[in-house]
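Contents: one structure, followed by commentary.
Order of listing sets the numbers, starting from 1, for every ligand and every atom in it.
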Amino acid sequence: MDSLKQMAEAVIAGDVEQCVSLARQAIQDNLDPVEVIQQGFSNGMDTVGRKFESGEMFLPEMMQAAEAMNAGVAVLKPAIESSGSGSLQEFGKVVLATIQGDMHDIGKNIVKLLLATSGFEITDLGKDVKVAAIIDRAEEVQASVIGVSALMTTTMGYMPDLIQELQELGIKAEFPVMVGGAPVTEEWAKEIGADGYAKDAVGAVRVAKGLAQK
Ligand code: B12
């Protein structure tokens, strides 16, 4: 079994030690840490989500899988940070949050890591963040971009609220909004009037750079 497949399996099994040791091995083997996260660990998470949905896995196992994934990502983090161009170029400020009612932050944290290492200054508001709090902070730090994550069909409904609120306040043009998270799609982003969408963290960096330069 190749190592990316082993990583996915280790996440599915919720095996923290195995995730850590595979991540360490990946660094020794000079594998691209971002690819390792996206093609390895995240693939495992997709399977976990499917198994949860079909009733083959339950909440404690999903939590264990999340812990294992986080442990693997933590090992890779320094390698991603040291490969970044953060100190070379400053692209702007991103206010980042997982939307109200939503506790999922693994993906948001990966987006944060890549944005930070690509030269953005990040204000991370965490998870379960109310629309008003996102707007307040964006105004306070004079954000170049607002990035919002949602992992549930039930919580992605707060994203249009954010955009509407910005419109009502007359500050929509000042704060471009990019959205993401597993249930969010390009079409939906367009429909709600978001300025950008990316399906993964690498794409998020590309989109944020475009929006920050506007
Ligand atoms: C791990 C997980 C959990 C963990 C979360 C731990 C944590 N700290 O985040 C725990 C166990 C706590 C959890 C809890 C719950 N979960 Co859950 N969870 C998942 C799971 C398996 C994986 C999510 C994940 O981390 N993926 C890995 C990361 C790397 O991927 P990602 O988040 O998609 O992020 C990438 C991209 O989307 C993108 N991206 C992400 N954010 C952003 C933001 C921007 C701006 C951009 C541009 C891009 C971007 O870049 C990221 C990196 O490439 C998903 C299934 C799935 N496939 O999504 C279910 C899933 C999201 N959970 C689900 C459910 C139902 C729940 C619970 C309600 C379960 C319960 N009965 O309590 C609770 C919800 C609690 C709450 N109020 O939020 C459902 C949601 C269904 C729905 N309504 O849509 C899912 C889809 C599982 C399923 N198929 O049923 N969960």
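Within a 4.0 Å radius of atom 40 (C) of ligand 1, the protein contributes one or more non-hydrogen atoms. Counting protein heavy atoms under 4.0 angstrom from atom 79 (C) of ligand 1 gives zero. For atom 3 (C) of ligand 1, the nearest protein heavy atom lies closer than 4.0 Å.
In summary, the atoms of ligand 1 found under 4.0 Å from a heavy atom of Lys199, numbered by their order in the structure, are 36 (C), 37 (O), 38 (C). Ligand 1 places these atoms under 4.0 Å from at least one heavy atom of Ser42: 29 (C). Listed by atom number, the atoms of ligand 1 under 4.0 Å from Thr153 heavy atoms are 82 (C), 83 (N), 84 (O). Less than 4.0 angstrom separates some heavy atom of Met63 from each of these atoms of ligand 1: 11 (C). Against a heavy-atom cut-off of under 4.0 Å, Asp200 is close to the following atoms of ligand 1: 38 (C), 50 (O), 53 (O). For ligand 1, the atoms sitting less than 4.0 Å from at least one non-hydrogen atom of Gly101 are 76 (C), 77 (N), 78 (O), numbered in the order shown with element in parentheses.
Some N or O of Ala201 is nearer than 3.5 Å to an N or O of ligand 1, by distance alone. Where the criterion is an N or O separation shorter than 3.5 Å, residue side chain and backbone included, Leu96 fails it with respect to ligand 1. Where the criterion is an N or O separation shorter than 3.5 Å, residue side chain and backbone included, Ser149 meets it with respect to ligand 1.
For atom 60 (C) of ligand 1, the closest heavy atom belonging to the protein is His104 NE2, 3.8 Å. The shortest contact between atom 9 (O) of ligand 1 and any protein heavy atom is with Asp105 N, 2.7 Å.
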